[in-house]
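Below: one structure, written as structure tokens.
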Amino acid sequence: MTTNAENTVFEKTPGWLDWYAGPSRPGFRLPDGAVDAHCHVFGPGAEFPYAPERKYTPCDASKDQLFALRDHLGFARNVVVQATCHGADNAAMVDALRASGGLARGVATLRPDVTDAEVRELHEAGVRGVRFNFVKRLVDVAPKQYLLDIVDKIALYGWHVVIYFEAPDLADLRDFFLSIPVPLVIDHMGRPDTAKDPGGPDFETFLNFMRARPDIWCKVTCPERLSVSGPPALDGEQRAYRDVVPFARRVVEEFADRVLWGTDWPHPNLTDHMPDDGLLVDFVPHIAPTTELQRKLLVDNPRRLYWPDAD
Ligand SMILES: O=C(O)c1cc(C(=O)O)oc(=O)c1
């Protein structure tokens with residue numbers, strides 16, 4: 001439980017799983033300059049209250065705790081994605097970017113009435129993308145024109161749109177996505193049903209979407225969400241989430257220059273188990289088996305998208 005200055009009390013959603021304290025040190029040594037390209041901060045609620053319209057109330061997960069995890073796992077940088085529990089109030093995410101000394105970039109949630117001055121301020125803080133969410137348990141999905149009006153506000157800044165959707169919704173959303181005139185970044189591999197065949201028609205629909213434009217990127221993240229048969233990344237398990245591997249490998253091998261990886265710490269809304277983030281890092285070489293693929297996934301690609309001017 002946590003309170004802020006107005007004495008608002010935040011009580012976690014019943015059954016909430018807190019992030020894993022004391023993660024192991026990965027056996028896989030991340031390449032120099034590796035980027036955790038999908039992670040979040042939650043609050044702390046007493047300083048950055050959770051949004052009234054949120055669908056869940058998390059445990060706190062502060063920027064300092066995120067940076068400590070970055071250093072422990074061996075990442076150099078972070079991309080902090082606005083979590084839905086903060087709605088369109090980007091203050092906690094921006095505070096993390098500003099405190100990072102240039103080592104974090106961000107993805108914001110915006111409303112169409114955002115002003116140019118506000119977008120410019122976010123850009124200066126390190127925001128490089130806006131997130132559109134189509135997962136109904138997380139948000140009330142916004143109308144398409146509402147989203148296109150946001151694109152008009154950000155296009156000038158060279159930002160991309162991060163899209164979070166579930167596989168069964170892709171058929172309906174595909175044309176809309178392809179009408180968005182800026183690069184697209186897909187969250188969590190478009191959430192395939194990993195009980196199905198990775199060579200079957202459903203995943204082929206996803207791969208065809210990736211093939212439709214050369215500026216569609218994919219985060220091959222969240223095996224802990226996508227896995228049906230595990231085993232979980234706990235207790236030293238080195239072969240975690242085996243059922244997800246063939247899906248992610250197909251994406252990494254075909255689209256080596258436009259895949260990204262991140263921890264998804266602090267892992268909102270998991271209900272089965274909370275993974276050991278050190279063991280999650282050990283998952284990476286299973287989906288990117290060569291040093292070249294690992295360098296692209298963890299260093300070159302996120303650098304090109306988020307730090308194009310860095311040396
Ligand atoms: O699947 C989820 O529950 C989830 C939620 C959020 C968020 O609430 O922002 O972000 C994610 O990347 C994943």
Side-chain angles (χ1 to χ4, degrees), residues 10 12-20 35-45 48-63 66 69 78-94 96-97 104-111 127 129-142 147 160-170 184-194 217-228 241 244 247-248 259-275 277 280 302:
F10 292 106
K12 291 186 283 187
T13 297
W16 185 265
L17 295 183
D18 292 0
W19 45 274
Y20 189 94
V35 179
D36 178 350
H38 186 104
C39 49
H40 311 280
V41 287
F42 296 153
F48 301 107
Y50 300 113
E53 72 273 23
R54 69 191 180 279
K55 304 278 189 195
Y56 63 86
T57 307
C59 64
D60 288 337
S62 73
K63 60 179 186 291
L66 174 65
L69 181 74
N78 297 106
V79 179
V80 186
V81 177
Q82 173 74 354
T84 59
C85 57
H86 280 295
D89 177 352
N90 295 287
M93 183 269 292
V94 165
L97 303 191
R105 295 286 193 242
V107 173
T109 296
L110 300 181
R111 298 202 177 100
V127 174
V130 63
R131 192 180 200 201
F132 293 171
N133 207 315
F134 301 87
V135 178
K136 294 170 204 82
R137 73 182 157 80
L138 294 174
V139 291
D140 297 325
V141 177
L147 299 172
H160 55 266
V161 170
V162 172
I163 47 180
Y164 191 20
F165 60 91
E166 294 178 312
D169 297 325
L170 177 57
L184 303 174
V185 179
I186 301 165
D187 269 346
H188 312 328
M189 227 166 30
R191 296 206 56 126
D193 179 350
T194 58
W217 300 60
C218 180
K219 294 181 198 164
V220 284
T221 37
C222 284
E224 72 285 5
R225 285 184 196 287
L226 302 175
S227 179
V228 176
Y241 314 126
V244 183
F247 291 86
V259 282
L260 304 167
W261 195 83
T263 56
D264 193 36
W265 186 90
H267 308 286
N269 301 308
L270 292 183
T271 51
D272 181 68
H273 68 281
M274 182 53 61
D277 293 280
L280 262 190

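Atoms within each ligand, like the ligands themselves, are counted from 1 in listed order. Predicted model only: the values in this text are computed from it and were never measured.
Summarising the geometry, atom CG belonging to N90 is positioned 9.0 Å from atom CG belonging to L97; distances are rounded to the nearest 0.5 Å.
Here D264 does not pair with K219 in a salt bridge; the nearest charged N to carboxylate O distance is not below 4.0 Å.
Between H40 and H86, the ring center distance fails the sub-6.0 Å criterion.
Contact residues of ligand 1 (protein heavy atom closer than 4.0 angstrom to a ligand atom; sorted by chain and number): H38, H40, Y56, Q82, A83, T84, R131, R137, L138, Y164, H188, R191, R225, D264, P268, N269.
In this structure, P192 and F247 approach most closely via the heavy-atom pair CB-CD2, 4.1 Å.
Under 3.5 Å, the side chains of Y164 and R191 contain a donor-acceptor pair of N or O atoms.
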(message) side chain to side chain contact (heavy atoms under 4.5 Å, CB included) for N133 and T84? Distances and angles first, verdict last.
(response) CA-CA 9 Å; N133 207 315; T84 59; 3.3 Å; yes
